[in-house]
Amino acid sequence: MKTFNYHSPKETKEATKLASSNSVFLAGGMTTIPSMKLGLASYKDVINIKGIKKLSGIKVSGKTLKIGATTKHAEVAQSKEVKKSIPSLAALAEGIGDPQVRNRGTIGGSIANNDPAADYPSACIALNATIHTDRRKIDADKFFRGMFETCLKTGEIIESIEFEIPAKSNYQKFPNPASRYAIVGVYVAKHKGGVNVAVTGAKSCAYNDKDLSSALTKNFSSSAVQNVRVSPSGMNSDIHASAEYRANMVKVFAKKAVEAC
Ligand SMILES: Cc1cc2nc3c(=O)[nH]c(=O)nc-3n(C[C@H](O)[C@H](O)[C@H](O)COP(=O)(O)OP(=O)(O)OC[C@H]3O[C@@H](n4cnc5c(N)ncnc54)[C@H](O)[C@@H]3O)c2cc1C
């Protein structure tokens, strides 16, 4: 590992001042530390943001659930507020990695990293989330840009993620047996304004399947899913699953999620 300057700011402003194109924020470190140890990434400044109190915590207010960026997966999984307001989100958090990963990894780190197989991006899209940063609010459908790419600017810090509480929701995934990342994950959420079917693991970035969402908005039943064609075009194909297999899984999991709602 190359040498670097280590910082531990107590305020967001202090953290953003330290940031540059050659720095990284350290949240759970579950991606950053292995990347640095393996020599895949190196930074001049490592800015630990876990000491910034305002970045953590869980709060329900009215129709939304707000989770601070440095809140760990285990905290989301165990939270009474999350279990009561959006049980599918608590279940998603419980299905991430293993106990060690869940007790270090954070929701902000997960969405900033935007791994194509990560679970939270699908939740953000399905639950019409708003990403609050130190400088703006971003709708989830504009936040995730591509593989490991978001619309965050250099030094921009995610402060919290605000989810719309749905009438019904469920998340289904086929986990990679080693890492538990999603080979395919499908998050179905029924809101007053319509249904979202967000998919992760299938393409280079999580996305809202417009055809499934529109079919389920008209008729919220597993038979409505049956009539939708999910194309394998543009889907990932690797040693775990072909594009055709993934396309079929999207449909199977959309049905399962509707039935479990
Ligand atoms: C063995 C293993 C298994 C895993 N399994 C799963 C799984 O099943 N499902 C899943 O979804 N994920 C999984 N993960 C990912 C893990 O859960 C973490 O969410 C992820 O590694 C990044 O979160 P972190 O808090 O550790 O971020 P870090 O590693 O600390 O940071 C990652 C990136 O995010 C940026 N960042 C962090 N916080 C912020 C912020 N507040 N604002 C702006 N930028 C920020 C950093 O600058 C860095 O670029 C797994 C990871 C491992 C190592």
Side-chain angles (χ1 to χ4, degrees), residues 4 6-9 11-12 15-16 18-38 40-57 67-77 89 91-125 131-136 138 143-144 148-161 171-185 187 198 200-201 205-206 240:
F4 53 86
Y6 178 78
H7 309 272
S8 207
E11 300 291 338
T12 310
T16 51
L18 291 162
S20 72
S21 56
N22 202 3
S23 71
V24 69
F25 293 125
L26 186 69
M30 290 289 95
T31 294
T32 300
I33 291 175
S35 311
M36 291 174 75
K37 281 168 87 174
L38 292 167
L40 299 170
S42 63
Y43 305 98
K44 185 173 152 277
D45 296 284
V46 173
I47 308 161
N48 183 350
I49 56 171
K50 289 198 298 289
I52 305 175
K53 284 205 178 101
K54 78 176 240 197
L55 297 184
S56 90
I67 303 182
T70 58
T71 308
K72 295 170 193 159
H73 309 325
E75 292 170 321
V76 174
L89 191 63
L92 174 150
E94 183 62 39
I96 293 177
D98 49 43
Q100 287 85 350
V101 169
R102 291 196 290 277
N103 280 288
R104 298 293 303 182
T106 67
I107 186 168
S110 174
I111 69 164
N113 194 47
N114 194 19
D115 189 294
D119 297 294
Y120 274 125
S122 66
C124 291
I125 294 168
I131 322 299
H132 295 252
T133 77
D134 60 310
R135 48 196 91 161
R136 57 189 168 140
I138 311 162
F143 183 82
F144 303 102
F148 296 107
E149 193 192 339
T150 68
C151 67
L152 286 173
K153 307 255 189 268
T154 301
E156 187 168 11
I157 292 193
I158 301 168
E159 294 189 327
S160 62
I161 299 99
Y171 179 62
Q172 298 280 332
K173 82 163 163 174
F174 179 29
N176 177 304
S179 69
R180 318 303 290 171
Y181 271 110
I183 291 175
V184 166
Y187 206 124
T200 188
C205 178
H240 304 295

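The shown structure was predicted, so the numbers you read here are calculated from the model rather than taken from an experiment. Counting starts at 1 for both ligands and their atoms, following the listed order.
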* Under the side chain to side chain contact (heavy atoms under 4.5 Å, CB included) rule, collect the residues that match up with Arg180, sequence neighbours excluded. => Lys173, Pro175
Against heavy atoms of [X], which atoms of ligand 1 measure under 4.0 Å?
{"X": "Ala112", "answer": "34 (O), 35 (C), 36 (N), 44 (N), 45 (C)"}
{"X": "Arg180", "answer": "7 (C), 8 (O)"}
{"X": "Gly28", "answer": "24 (P), 25 (O), 26 (O), 27 (O), 30 (O)"}
{"X": "Glu156", "answer": "43 (C)"}
{"X": "Ala69", "answer": "41 (N)"}
{"X": "Ile49", "answer": "38 (N), 39 (C), 40 (C), 41 (N)"}
{"X": "Thr32", "answer": "28 (P), 29 (O), 30 (O), 31 (O), 32 (C), 48 (C)"}

* Heavy-atom pair of closest approach, residues Ile161 and Cys124 -> CG2-SG, 4.1 Å
* Centroid-to-centroid, Tyr43 to Phe4, below 6.0 Å? ->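 No: the rings miss the under 6.0 Å criterion.
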* Taking the six-membered ring where the residue is Trp, are the ring centres of Tyr120 and His73 under 6.0 Å apart? -> yes
* **Residue part near ligand 1, for Lys50, under 4.0 Å between non-hydrogen atoms** => neither
* Counting only N and O atoms by type, is there a donor-acceptor contact under 3.5 Å from the side chain of Ser23 to the main-chain atoms of Leu18? ->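 Pair absent, no side-chain N/O of Ser23 close to backbone of Leu18.
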* Indicate whether the side chain of His7 and that of Asp45 have a donor and an acceptor atom separated by less than 3.5 Å. =>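 Distance-only check passes for His7 and Asp45.
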* **Residue selection (non-hydrogen contact nearest atom 38 (N) of ligand 1) among Ser160, Ala27, Ala117** =>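 Looking at heavy atoms only, the winner is Ala27.
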* So is Gly29 polar-close to ligand 1, meaning N/O to N/O under 3.5 Å? -> yes
* Distance from Asp134 atom CG to Ile158 atom CD1, nearest 0.5 Å? ->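 Interatomic distance, Asp134 CG to Ile158 CD1, rounded to 0.5 Å: 10.0 Å.
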